[in-house]
Amino acid sequence: MQESDNQVIKRPLSIDIDLGQRSYPIVIGSGLLTNASTFAGLPRASQAMIVSNATVAPLYANRLKASLQGLYNRVHLVVLPDGEAHKDWHTLNQIFDALLAQACDRKTVLYALGGGVVGDVTGFAAASYMRGIPFVQIPTTLLAQVDSSVGGKTAINHPMGKNMIGAFYQPLRVVCDLDTLQTLPERELSAGLAEVIKYGPIADVALLDWLERNVDALRGRRVAALAHAVRRSCEIKAAVVGQDEREAGLRAVLNFGHTFGHAIEAGMGYGAWLHGEAVGCGLVMAATLSNRLGLVDDAFVLRLRTLVERAGLPVMAPVLDAGDNAGRYLELMRLDKKAEAGEIKFVVIESPGRAGVRGAPDALVREVIDACCLRQ
Ligand code: NAD
Ligand code: GLY
């Protein structure tokens with residue numbers, strides 16, 4: 001499919017994530033925030049609270065509030081500081097403070113309005129306030145629409161590791177209003193593309209082909225192209241999470257590129273590299289590892305690297321330590337949640353469109369890091 005027009009998506013489409021009693025729809029379309037029917041069928045309650053941040057709230061909170069007004073007696077708004085550096089206890093506590101100050105009961109519905117940071121923190125607040133209250137994800141970044149709002153991973157960071165404190169807790173609904181992507185800074189749009197690209201090598205070579213044809217349309221924010229990318233990404237993620245909600249095995253493939261990426265984020269200090277930028281570079285590093293393990297050929301690595309670069313993402317990794325740089329990467333990666341008894345587990349491409357999880361000798365990983373790092 002070649003996308004050329006900027007047509008409006010007239011009818012929202014819905015993808016179901018099948019998790020038994022915790023199943024829910026992912027609704028994708030234009031104009032969803034301003035349409036009260038988007039929120040029809042959600043449980044009734046006397047209060048709701050929109051959780052957003054200092055950047056997104058001024059853009060979209062009033063529209064959402066107007067759409068929710070008929071459903072609740074009172075709709076509150078709590079505005080968090082913006083940024084990955086604030087994905088912490090202090091910010092989480094701001095949500096609890098607001099809920100308690102408004103005497104919110106356990107039927108109160110939380111609405112996470114923002115990118116992955118707002119979604120992850122709000123989801124964790126929902127999982128733990130009064131041992132669990134309902135919440136709805138309203139992702140406003142490409143990254144959040146194609147990945148973080150779907151599947152129920154919620155978390156905050158610890159200074160020693162990314163997303164180390166959290167819970168699996170599913171939302172009631174995910175609402176992806178594509179119109180919100182029009183105000184997203186260019187760098188953030190590229191960051192979201194990293195998570196779209198990741199689905200190709202792990203699950204869908206046809207998506208990889210499509211991305212090669214449509215990456216410029218995506219960067220140009222063509223609505224039809226964005227709709228296809230969000231839909232296909234959510235379909236793949238819903239299928240994986242439907243089979244392995246709590247990451248007993250299969251779900252780990254969604255972390256392709258993330259073991260290296262998380263090390264970059266932690267090593268540089270949260271917020272220095274965007275999560276998606278670190279993942280984009282991590283995709284190239286993980287593909288290079290797959291190549292050194294003899295799983296994929298040089299052409300596949302080059303193909304992925306070229307796409308990542310065309311998406312506006314870094315393909316060379318930063319030096320984290322002027323001395324033993326590879327040692328610093330290894331140290332950070334040993335904290336990865338997939339590590340078992342100190343052995344780092346990597347998501348690798350077994351063959352294009354199929355991923356697996358395996359360990360690799362430190363010496364080989366060192367070679368990959370040396371090959372991928374940008375030395376001055
Ligand atoms: P983000 O939440 O920091 O948002 C990026 C920036 O865009 C922020 O400054 C935000 O205020 C701004 N923004 C958001 N929507 C906007 C809009 N429509 N217009 C203008 N500006 C807007 O970052 P992100 O990339 O969305 O998410 C990254 C986070 O997601 C990381 O913390 C990562 O760990 C997490 N994540 C979680 C999962 C999961 O499964 N839970 C998966 C992937 C990533
Ligand atoms: N983003 C990886 C996951 O949700 O499992």
Side-chain angles (χ1 to χ4, degrees), residues 17 33 51-61 63-64 79-88 91 112-124 127 137-157 161-164 166-171 174 176-196 198-199 202 221 226 233-234 236-238 240-241 243-259 261-262 265-266 270-271 273-280 282 337-338 347:
I17 176 157
L33 272 191
V51 182
S52 192
N53 73 18
T55 305
V56 179
L59 293 169
Y60 299 112
R63 293 184 212 182
L64 176 60
V79 179
L80 306 176
D82 187 3
E84 184 74 34
H86 297 286
K87 191 178 170 182
D88 60 10
T91 303
L113 175 69
V117 170
V118 166
D120 280 13
V121 180
T122 307
F124 190 33
Q137 286 274 18
I138 307 190
T140 61
T141 63
L142 181 61
L143 184 141
Q145 295 192 355
V146 301
D147 191 353
S148 65
S149 64
V150 174
K153 278 189 179 175
T154 74
I156 55 172
N157 297 330
K162 171 97 180 150
N163 292 334
M164 282 294 159
F168 286 97
Y169 193 69
Q170 302 294 342
V174 178
C176 301
D177 188 333
L178 300 167
D179 297 349
T180 61
L181 303 181
Q182 298 299 330
T183 56
L184 200 59
E186 206 172 320
R187 195 176 158 198
E188 300 292 349
L189 190 79
S190 287
L193 288 175
E195 302 279 14
V196 181
K198 112 185 145 183
Y199 292 114
I202 64 168
R221 297 168 208 241
L226 291 169
S233 301
C234 288
I236 294 170
K237 182 151 187 185
V240 171
V241 173
Q243 291 171 71
D244 180 20
E245 183 184 4
R246 296 176 74 92
E247 202 166 309
L250 175 70
R251 184 168 177 167
V253 301
L254 297 174
N255 277 313
F256 179 50
H258 287 59
T259 307
H262 285 169
E265 282 188 271
Y270 294 118
W273 277 45
L274 299 181
H275 174 72
E277 290 172 338
V279 167
K337 288 189 284 309
K338 288 185 298 305
V347 180

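Each ligand, and each atom within it, is numbered from 1 in the order the structure gives. Predicted model, so just to flag it, every value in this text is computed and none were measured.
For atom 1 (N) of ligand 2, the nearest non-hydrogen atom of the protein is D147 OD1, 3.1 Å. Annotation: atom 14 (C) of ligand 1 to nearest protein heavy atom, T141 CG2, 3.2 Å. At the shortest separation from atom 13 (N) of ligand 1 among protein heavy atoms lies V56 CG2, 3.7 Å. Nearest to atom 31 (C) of ligand 1 among the protein's heavy atoms is E84 OE1, 3.1 Å. In this structure, the protein non-hydrogen atom closest to atom 21 (N) of ligand 1 is P185 CD, 3.7 Å. Annotation: atom 35 (C) of ligand 1 to nearest protein heavy atom, D120 OD2, 3.4 Å. Scanning all protein heavy atoms for the shortest distance to atom 19 (N) of ligand 1 gives T183 OG1, 2.7 Å. Regarding atom 28 (C) of ligand 1, its nearest protein heavy-atom neighbour is L143 CD2, 3.8 Å. Scanning the protein for heavy atoms near atom 40 (O) of ligand 1, the closest one is K237 NZ, 3.5 Å.
Considering backbone and side-chain atoms together, R251 places an N or O closer than 3.5 Å to an N or O of ligand 2. Checking only distances, R251 never comes within under 3.5 Å of ligand 1, N or O to N or O. Checking only distances, V117 does come within under 3.5 Å of ligand 1, N or O to N or O.
Under a 4.0 Å criterion applied to the non-hydrogen atoms of N53, ligand 1 contributes the atoms 10 (C), 11 (O). Every atom of ligand 1 with a heavy atom of L59 under 4.0 Å away is listed here by number and element: 19 (N), 20 (C). For ligand 1 and Y60, the ligand atoms under 4.0 Å from any heavy atom of the residue are 18 (N). Each of the atoms 42 (C), 43 (C) of ligand 1 lies under 4.0 Å from some heavy atom of D147. Less than 4.0 angstrom separates some heavy atom of K162 from each of these atoms of ligand 1: 31 (C), 32 (O), 33 (C), 34 (O). Below 4.0 Å from some heavy atom of D82 lie the following atoms of ligand 1, by number and element: 8 (C), 9 (O), 10 (C), 11 (O).
Looking at H258 and E265, their side chains never bring a donor and an acceptor atom within 3.5 Å of each other.
Between V56 and V118 there is no side-chain heavy-atom pair separated by less than 4.5 Å.
Looking at P139, A278, S148, it is S148 that brings a heavy atom closest to atom 39 (C) of ligand 1. Relative to atom 29 (C) of ligand 1, the option among G116, G114, P58 with the closest non-hydrogen atom is G116. Closest heavy-atom approach to atom 5 (C) of ligand 1 within the set K87, E265, E188: this belongs to E188.
Remark: of the listed residues H275, K337, K87, K87 is the sole one forming a side-chain hydrogen bond (donor to acceptor under 3.5 Å, both in side chains) with N163. A side-chain contact (heavy atoms from CB on, under 4.5 Å) with N255 is found for one member of V279, I202, V347 and no other, namely V347. Partner of Y60 under the side-chain hydrogen bond (donor to acceptor under 3.5 Å, both in side chains) criterion, out of T140, T183, D179: T183 alone.
Between E195 and ligand 1 there is a heavy-atom distance shorter than 4.0 Å. Ligand 2 lies within reach of K237, whose nearest heavy atom is under 4.0 Å from it.
Here E247 pairs with K153 in a salt bridge; the nearest charged N to carboxylate O distance falls below 4.0 Å.
One finds the CG atom of L178 at 6.5 Å from the CG atom of L226 (value rounded to the nearest 0.5 Å).
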